[in-house]
Structures are given as C-alpha cells and as structure tokens.
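Convention: sequence-line order gives letters A, B, ...; per-chain numbering from 1.
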2 protein chains.
Amino acid sequence: MADRPDLAAMMARLTRVLMNAERPVLESHGVSMWGYVVLSALADEPMRTQAALARAIGADKTRIIADLDDLQERGLIEREPDPADRRVRLLRLTAAGRKLHQAVRTAIRAEEERLLAGLTSAQKQLFLRILQDLDPGTR
Amino acid sequence: MADRPDLAAMMARLTRVLMNAERPVLESHGVSMWGYVVLSALADEPMRTQAALARAIGADKTRIIADLDDLQERGLIEREPDPADRRVRLLRLTAAGRKLHQAVRTAIRAEEERLLAGLTSAQKQLFLRILQDLDPGTR
DNA sequence: TATTGTTATACTCTATAACTATA
DNA sequence: TATAGTTATAGAGTATAACAATA
C-alpha cells in the first residue's frame with residue numbers, strides 16, 4: 001500500500017471493529033443499533049414528527065417504524081398524536097428510556113476507551129476533536 | 001449528545017461521506033469499490049489463491065468472483081491456474097492494472113485531501129497516524 | 001390536493017449450501 | 001477424501017412505491 005492504506009478503508013475497518021465490539025453491549029441491554037440511535041437522538045431533544053427523527057439520524061422514515069414500535073411497547077419512548085395535527089406523532093423519551101440510554105451509553109463509552117487504550121490522553125483528545133470537526137452530524 | 005456523539009456514529013458518518021465522494025471517482029474509472037480493493041491488494045503483493053485474496057481484503061471468497069471476472073476480461077489482472085496445482089489461480093496485476101490502480105488511487109487521495117482540507121497539516125498527519133495505529137488492517 | 005405515518009414490494013448486498021474440477 | 005473455485009439459493013438490510021388517515 002506504498003505509504004498508507006486508503007482513508008476510507010481504514011475508517012471502514014475501524015467502524016466495523018467498533019460495531020462488533022458494541023454489538024454484545026447493545027444485545028445485553030436488549031436494544032438494536034437503530035433503537036439505540038433513536039434513544040440517543042431523543043435524549044438530545046424530543047421530536048415533533050417521525051420524519052424529522054429519521055432525517056436527524058440519517059435513516060429512511062420507513063426504516064425506523066419497527067424500532068419505534070418496539071421502544072414504545074417497552075415503555076422507553078412516548079409517541080402520541082399531536083392534538084393540533086393528528087397526523088404527526090410527538091416523540092420523547094420516558095424516564096425509563098432515558099435511564100436505559102444512559103446505561104448503554106456508559107457501556108459504549110467503555111468500549112470506545114478500550115479501542116483507544118493504546119493512545120496517550122493527548123492523542124485521544126486530539127483524535128476525538130478532529131473527528132467532531134469533520135463530522136457532518138455534529139449539529 | 002451531552003459532550004460528544006458516539007465514536008462509532010461519527011466514524012460511520014464520515015465513512016459514508018467519504019464513500020459518497022469517492023463513488024463518482026470509481027465510476028469514472030469504470031471500477032467497482034470491490035474491484036478497486038482487489039487492485040489495491042494485488043498492487044501490494046500478488047496472491048496465490050482467491051481465498052487468500054478474499055481473506056486479505058475481508059471479503060467472502062464467493063463475493064469477489066464477479067469482480068475478478070470483470071477485471072480479468074478487461075486485462076487488468078492475470079489469473080492463471082498454477083501448473084503445480086491446477087485448482088488454484090495465481091493472481092497478479094497486469095501493467096494496465098497497475099496503471100489504473102495508481103490513477104484511481106491518486107484521484108481518491110485528492111478526495112481525501114478535500115475532506116481533510118479544514119485541518120492544519122500537523123493535525124492531518126496526526127489524524128492519519130492515529131488511524132494507522134488503530135487500524136487492524138495495517139500489516 | 002398535500003402531508004404523516006404505515007404497509008407492501010422490490011432491490012442490493014452478503015452469507016450458506018450445493019456443485020465441479022482437481023488433488 | 002479433501003480443497004479451490006464456482007454457481008445457486010436464501011437471508012438481512014435497505015429503498016421505492018402504494019395506501020390510509022388527516023389536514
């Protein structure tokens with residue numbers, strides 16, 4: 001590879017490693033990847049429509065419906081028709097949902113720390129800062 | 001997201017952005033993503049079996065066959081039975097294949113530069129270095 | 001008529017299993 | 001019988017299109 005592998009190749013491999021490490025964490029809490037992403041978005045701020053939520057997390061609106069069904073059945077999110085416009089569903093975390101999200105997030109942070117364990121604390125900070133700067137999803 | 005988005009979320013988003021930016025580059029050279037990955041691996045070193053190549057690039061052996069067919073038909077790789085064991089196929093780039101790989105790689109490096117344009121040269125170097133250190137694919 | 005959410009369908013990608021040809 | 005490569009089949013994930021409810 002001459003000097004270094006392609007950036008996309010390295011990023012894709014690392015993403016896969018991370019996701020593989022996090023899968024058991026998610027499973028142990030009984031939540032799917034998209035379920036966790038939904039919880040994260042709603043932990044950030046409640047949403048007025050499912051379409052807005054889907055857009056916020058970069059998913060298709062049809063793709064998150066099953067996850068919303070599941071999260072709602074388990075009492076992790078509330079999803080009630082807006083009285084002012086009964087087509088839209090107001091979405092927000094329940095107390096249980098917020099608690100679960102925080103628990104999963106803490107466990108995931110621990111996995112991230114494991115992946116970055118070889119870096120000095122200065123390198124770690126710099127790496128994360130650069131990623132945030134490049135990240136189009138950081139609002 | 002409290003302090004920062006999850007690492008996996010940032011990595012996945014960035015990977016997607018990169019791949020979207022690179023897709024037109026690959027298309028303009030008439031090569032698929034896996035085709036380019038194959039060319040990259042063979043540019044690194046010839047392979048004695050397709051299974052070894054598949055393993056090297058993290059793909060299933062059945063998944064790369066169509067790409068190998070295509071690359072061979074276009075004279076970009078050689079793929080001849082080993083006289084010593086006619087079950088295995090010896091794989092290597094042709095001169096044309098090496099030339100195409102270098103052209104695509106150069107174009108992809110340009111896209112990478114665009115993504116990283118906001119960073120100082122020191123940040124850029126550090127970022128790439130850290131990625132290489134974390135990358136399990138760096139042999 | 002336009003929009004939100006939902007369901008149904010199709011398409012892409014990948015993995016698994018079955019087959020051939022060599023050894 | 002075991003292995004490399006190939007083809008065929010099935011499964012998961014995703015996107016597209018059609019539909020029902022509401023405005």
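Whole-Å rounding puts the B:Arg48 CZ to C:dT22 C1' distance at 13 Å. Atom pair A:Leu91:CG and C:dT4:C1' shows a separation of 12 Å (rounding to whole Å applied). When the C1' atom of C:dT22 is taken as reference, atom CD of B:Glu80 falls 17 Å away, rounded to whole Å. Distance A:Asp69 CG to C:dT6 P: 7 Å, rounded to the nearest Å. When rounded to the nearest whole Å, the span between CZ of A:Arg55 and P of C:dG5 equals 10 Å. The interatomic distance linking B:Trp34 (CH2) with C:dT12 (P) rounds to 18 Å, in whole Å. Following rounding to the nearest Å, B:Arg63 (CZ) and C:dT16 (C1') show an atom-to-atom distance of 13 Å.
When only modelled atom types and interatomic distance are considered, B:Arg4 and A:Gln132 share no side-chain donor-acceptor pair under 3.5 Å. A side-chain donor from one of A:Gln50 and A:Arg79 sits under 3.5 Å from a side-chain acceptor of the other.
Here C:dG5 is the nucleotide among C:dA17, C:dA21, C:dG5 with the atom lying nearest to any side-chain atom of A:Lys61. Distance from the side chain of A:Thr62 is smallest to C:dT6 among C:dA15, C:dT6, C:dG5.
Salt-bridge annotation for B:Asp3 and A:Arg105: present, with a side-chain N of the basic residue lying under 4.0 Å from a carboxylate O of the acidic one. Salt-bridge annotation for B:Asp6 and A:Arg109: present, with a side-chain N of the basic residue lying under 4.0 Å from a carboxylate O of the acidic one. Between A:Arg92 and A:Glu80 there is a salt bridge, since at least one side-chain N of the basic residue sits less than 4.0 Å from a carboxylate O of the acidic one.
No more than 12 heavy atoms of other residues, nucleotides or ligands sit less than 6.0 Å from atom CZ of B:Arg114.
In terms of position along DNA chain D, the nucleotide closest to A:Asp60 lies nearer the 5' end than the nucleotide closest to the other residue of the pair A:Asp82 and A:Asp60. The nearest heavy atom of DNA chain D to A:Arg86 and to A:Ala59 marks one nucleotide each, and the one closer to the 5' end goes with A:Ala59.
For A:Arg87 and C:dT3, a side-chain-to-base donor-acceptor distance below 3.5 Å is present, hydrogens and geometry of angles not being considered.
Taking the 5' to 3' direction, DNA chain D first and last meets chain A under 4.0 angstrom from a heavy atom at D:dT14 to D:dA23.
Closest non-hydrogen pair, A:Leu116 versus A:Lys124, comes out as O-CE, 3.6 Å.
A:Asp85 comes within 4.0 angstrom of the backbone, heavy atoms only, and of no base.
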